[in-house]
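Below is one structure, written out as structure tokens, with a few remarks after it.
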Amino acid sequence: MSAATNFNFSVIVIPSAVRSAAANLDFPTLNQSLSFALEVSSPSDFQTLYSEDTKGGNTFKGLLYVPDLDPSDPCDNHDLVPRNVTRKANLPMDDLKLVAYAPLITQHCSRQYMYSAENDNVAAFIFYGVPAKYSNNTDPLEGEGYPFEYPVYYLDGSIGQPLMNKLSEYSANMSEVYNGFNLTEAGYDIRDYARIYAVISTKNTNPMPGLWLFLLVVVAVLLFIIGASSLLMHLFQFHYRRSLRRRIANGEVDLEGLGVGRITVPREFLAKFPLYVYIAENGGQTTPPRQKVQDTTAPTTQPVPKEEGRRKERVKIPSAVVVKEGVSIVIPATITAERKSKGKERVKEKPRSPTAIDATTSPEMAEVSTSKGLTLSSPTTPSTTSRSSPKVQYSSTPSPQPRGTQTPTTTSPPHPRGYHQTSCPICLDDFIHQETTVRELPCLHIFHPECIDPYLKSQSSLCVLCKQSCLPKGYVPIRLTNSIVRRERLLRSIRERSREVATATAANNGGNNGEGGILWRWRLRRLRRQEQDLMGRQALVRVGRGRGGGFGLGPHYREQRVVEDVVRPRWRETMDRVFPGFR
Amino acid sequence: MAAVKRITKELAEFSNNPVPGVSAGLASEDNVFKWNVILTGPQGSPYSGGVFTLNLILPTEYPFKPPTLNFTTKIYHPNVSNDDKGSMCLGVLRSDSWKPSCKIVQVLEMAAGLLKEPNVDDAVETSIADEYKNNPESFEKTAREWTRKYAK
Ligand SMILES: [Zn+2]
Ligand SMILES: [Zn+2]
């Protein structure tokens, strides 16, 4: 059904000469400053009571008049309908399109008016509301069994009654209408008719378009909200990823501690960790007598040939290693220089006791080795030992010549180490003085290369002893996904809380051991458990009280591997992509 | 296989230098990854007079991964889970603090040590730990009872 959107009332002039109707009522409008015009477009002012028009978009127009009732009919209440209101008789022609106008008094009256209008050339019917004392406010169409040929509208009484009064002003000829004197003065023919002309615009009120529009708006708003929050979350995640990358680069993050898959040491890094021949700190453990000599005696010729001979016979072992690894061992110029400057003095101070030196140099060595780890990557230094004789003894000898001149071992303390290690922690075999080739990790721990290399290549990037990362600072070995970022943040907060709780627990235990202490310990335990769960490690997870729940049975535990991020439904994936970091 | 070599070496070492109160051996000759361990309750502890059997399982990644130690004899102890597993909670056996340099002997020594003196901070049975701490008499009584009941 189509509904009215707009009512327009204006005064038109119908020349008296026109006797036959122009169907389109194409008459000029009376000068508005001298007459009146009314536009009703506020939806609260009108209602569409009936319309059989389904298309909408039509306009219904015609001259406004009040249908005639029997003069004795009480419905023609003159309080409401003035006597001189425009009636059919006041219209210049019979065949003009009309718009009927009447007060909505009672159902009976409205029916009377409409029956009357049936005989007229009516385009539409407009009822208007009247004060309650005149009306019982019934629907004029109630009980009507047949469809009218014209649409029926309702106007609010506050507009309708003044309009009815206006209608009484435009029922006579030009001189008698409202403002008639000025109109004739203005040149209007006194014989012409000035009448109120109504135009009702309608539109289709098919409820669907409105609903669709509403839905569309809702969907658009939702999409906007989703898009905006997604964008915001992406921005946040981007920021988090960047900051995590920065922290990894600064070496502030224990990557392996994040429990994100397996982080291993790439071959090229592994190849840069120095390989050298093990020299006992005070060789005494393996060969006490010889060591004794070396330790105490000044340069003698005795050990030199021995060294020479040993070296020759052993040359093959490491060279095999070296060739397999594709590494030539390098003493970077920087280190040599460093040793020259720093090492010299120290060696001069205590030239006779390599053990002591080792002890004093250990912090120093950490520094050297760090720089070594980095400089080794650019083996452009000329002091590279040739491939044919890759056997190098790392030694902090001040003597710059690495080969040829046989510096007595007495003045060249063995490769200083950060730790006192005499056996391989993995296979438990003892290192053999001047024989075993060992791999030194950046943390200065040494191992058999055949023991540690496969592990670093395939299992972990951490030193098995000190759990320090073997990867160079600033190297980000994993693709930083949002889930890693989330896990890292979560872990960090759990660890922080757990630290706090631990301090609080300690403080609490110091004082009393009552309920508070138990609570704090319980909190600490819960946090630790959360941490373990998060790490995906095998954790002892409490799953409630023992079967019987009885006293003495104690809590029941079961071992459970917490697996995360393994199989996730598709929607979660999508969800994660749209709302990263949402949990 | 590196693991087998090392375990064999450790086994030989252990047989040469046994630890008092601890006896251990392979569960079956062809599998070095499974050991049977027998702990005798130390004098002066509520476990004295008891004989506790344990399973020591070594992972194939040993020594990079820690072994696991399970009591097959029921025991009332803060560090041993009170279920059919009887897993022993030992700080060094946690995979993040495990070091390959730690030998099986040392693990067994620590297990024997825990019988002498439970470690409340590493407890897996918190209620027993609390009892051990706050009500040692009642703890000892139950532990002794269980020893008499299960570890003879
Ligand atoms: Zn080794
Ligand atoms: Zn290390």
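Just so we're on the same page: letters track the sequence lines, and every chain starts at 1. Note that the structure is a prediction, hence the values are computed from the model and not measured. Note that these values count all heavy atoms, side chains included, but never hydrogens, waters or copies made by symmetry.
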Structural part of A:C424 lying under 4.5 Å from a heavy atom of chain B: neither

Using 0.5 Å steps for rounding, measure from the CD1 atom of A:I452 to the CZ atom of B:F64. 5.5 Å

May I ask you to decide whether A:D429 forms a salt bridge with B:R6, counting only side-chain N to carboxylate O separations under 4.0 Å? no

side-chain hydrogen bond (donor to acceptor under 3.5 Å, both in side chains): pairs with one or both residues in residues 64-73 of chain B, sequence neighbours excluded: B:T53-B:T72, B:T53-B:T73

So for atom NZ, which belongs to B:K116, do other residues, nucleotides or ligands contribute more than 12 heavy atoms lying within a distance under 6.0 Å? no

Mind checking what makes ring-ring contact (aromatic ring centres under 6.0 Å, His included) contact with B:Y47, not counting sequence neighbours? B:F52, B:H77

Any residues in residues 98-115 of chain B near chain A, with a heavy-atom distance under 4.5 Å, and which are they? B:W98, B:K99, B:P100, B:S101, B:K103

Residues 24-42 of chain B side chain polar contacts: donor-acceptor under 3.5 Å, at least two apart:
unit_1, atom_1, unit_2, atom_2, d
B:S28, OG, B:D30, OD1, 2.9
B:N31, OD1, B:F33, N, 2.9
B:W35, NE1, B:V32, O, 2.9
B:T40, OG1, B:G21, O, 3.2

With only heavy atoms counted, which part of B:E131 is less than 4.5 Å from chain A, the side chain, the backbone, both or neither? neither

